[in-house]
Amino acid sequence: MEYTFINVNPAIDEHIALIQLNRPKELNALNLELMGEIREALKILDDDDSVRAIIITGNERAFAAGADIKQMSGKSAIDMLQIDQFSTWDQIKKTKKPLIAAVSGFALGGGCELTMHCDMIIASETAQFGQPEIKIGVMPGAGGTQRLTKAIGKARAMEMVLTGKFITAEEALQAGLINKVVPVELYLEEAIKLARSVAQLSPVAVALAKEAVLASFNTTLDQGLHFERKNFYLCFASEDQTEGMEAFVEKRQPAFKGK
Ligand code: DAK
């Protein structure tokens, strides 16, 4: 598959794929083409059995400065409805493999929303997160009012959404939005390390566990616990469960096959 606005490496490390947004002059602003390419790449990598974790990154200056304002400017409500640009991102929600965002510089608007679509976020000390749509007369439209509020709570989300103020990587860490902050030269390496620690585990159990955690956003506690228990039992249908438990008993490292 040839891409124009992203670079894809299906094996940046063993079982780990990397998608790098690649519109550096525009701070990786998410035009329709780039968003379509992310969707395509994710679908291909999610279907590839050799891939066990996927990292999405940008460059040192910007993860992504949001949807492409120049492309949106002048559009009518009906144009926006018909283009329905972020609906293509439903693919991201469907991704079964763990997604890790490796963020440096700006993660704004749709860029911040993209990081929140990921399962874990590693940031460089220079990262800044924000939902500044309010400053251009609109509001977040790809999950910002919902995922941000669930991640950092109403007061902080309101402040970011209503003022457009950015928060630093350290503030994002304190607020519970991200997993770790590291010096700028290490953010990708740190994301790969995190991906490695997931990729060596049973892909079956990882996918079922991810699904159960995400279910907590849409269910009552009782429904969520019920869902969790079913997925737990389902793990026992896998060869990886047998291997994992036998390896423990035999005091050796397990060799998980994803079956
Ligand atoms: N779109 C297009 N171009 C952008 C851009 C963006 N979001 N952000 C930056 N650029 C371009 C700049 O125009 C500039 O291009 P040239 O003028 O050189 O041609 C280049 O990138 C470098 O930017 P600056 O010169 O501005 O760099 P600075 O370091 O001075 O400032 C900045 C960096 C990130 C603070 C600033 O560029 C900025 O404020 N950017 C806009 C950030 C923003 O407002 N992001 C939110 C965009 S709205 C939807 C759902 C959701 C959405 C849309 C639809 N539906 C459900 C349909 C999402 C909307 C958004 O994300």
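When a ligand or atom number is given, it counts from 1 through the structure's own listing order.
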Per-atom filter on ligand 1: closer than 4.0 angstrom to a heavy atom of Lys25 are 20 (C), 21 (O), 22 (C)

Look at atom 39 (O) of ligand 1 and say which protein heavy atom is nearest, naming residue and atom and giving the distance to 0.1 Å. Leu108 CD1, 4.9 Å

Flag the pair Lys43 and Glu40 as a salt bridge only when some basic side-chain nitrogen lies within less than 4.0 angstrom of an acidic carboxylate oxygen. no

Under 4.0 Å to a heavy atom of Asp68 - the qualifying atoms of ligand 1, by number: 1 (N), 2 (C)

Under a 4.5 Å side-chain heavy-atom rule over Ile, Leu, Val, Met, Phe, Trp and Tyr, are Met72 and Ile38 clustered together? no

Using distance alone, decide if ligand 1 has a nitrogen or oxygen within less than 3.5 Å of any nitrogen or oxygen in Ala65. yes

Ile192-Val103 co-clustered via ILVMFWY side chain contacts under 4.5 Å: no

Residue portion contacting ligand 1 (non-hydrogen atoms closer than 4.0 Å) for Ala29: side chain

I want to know if ligand 1 touches Ile136 in the polar sense, i.e. an N/O pair below 3.5 angstrom. no

Could you give me the CA-CA distance, side-chain angles and deciding distance for Val204 and Phe256, then say whether side chain to side chain contact (heavy atoms under 4.5 Å, CB included) is met? CA-CA 9 Å; Val204 179; Phe256 292 119; over 6 Å; no

Among all protein heavy atoms in this structure, tell me which lies nearest to atom 10 (N) of ligand 1, with the distance rounded to 0.1 Å. Glu26 O, 3.8 Å

Can you tell me if Lys180 has over 12 outside heavy atoms packed within less than 6.0 Å of its NZ? no

Residue pair Thr220 / Gln223, side-chain donor-acceptor N/O under 3.5 Å: yes

Could you tell me the residue and atom name of the protein heavy atom closest to atom 55 (N) of ligand 1, and the distance to it rounded to 0.1 Å? Phe86 CD1, 3.6 Å

Look only at interatomic distance and state if Ile69 has a nitrogen or oxygen under 3.5 Å from any nitrogen or oxygen of ligand 1. yes

Tell me the protein heavy atom at minimum distance from atom 37 (O) of ligand 1, and give that distance in Å. Leu27 CD1, 3.8 Å

With nothing but distance in play, are any N or O atoms of Met72 less than 3.5 Å from an N or O of ligand 1? no

Are any of the side-chain heavy atoms of Leu18 and Leu188 separated by less than 4.5 Å? yes

Could you see which bit of Arg61 sits under 4.0 Å from ligand 1, with heavy atoms only: side chain, backbone, both or neither? side chain

Within one Ile-Leu-Val-Met-Phe-Trp-Tyr cluster: Met139 and Leu81, side-chain cutoff 4.5 Å: no

Are any of the side-chain heavy atoms of Ile121 and Phe129 separated by less than 4.5 Å? yes

In the protein, what heavy atom is nearest to atom 13 (O) of ligand 1, and what distance, to one decimal place, separates them? Lys70 NZ, 3.0 Å

Is the shortest side-chain N to carboxylate O distance from Arg252 to Glu243 below 4.0 Å? yes

What protein heavy atom lies closest to atom 56 (C) of ligand 1? Include the residue and the distance to one decimal. Gly141 O, 3.3 Å

Can you pull out the closest protein heavy atom to atom 58 (C) of ligand 1? Residue, atom name and distance to 0.1 Å, please. Ala67 CB, 3.5 Å

Just let me know how Gln71 lines up against ligand 1, side chain, backbone, both or neither, with a heavy-atom cut-off below 4.0 Å. neither

Within a 6.0 Å radius of atom CG on Asp90, are there more than 12 heavy atoms belonging to other residues, nucleotides or ligands? yes

Numbering the atoms of ligand 1 from 1, which are under 4.0 Å from a heavy atom of Gly110? 60 (C), 61 (O)

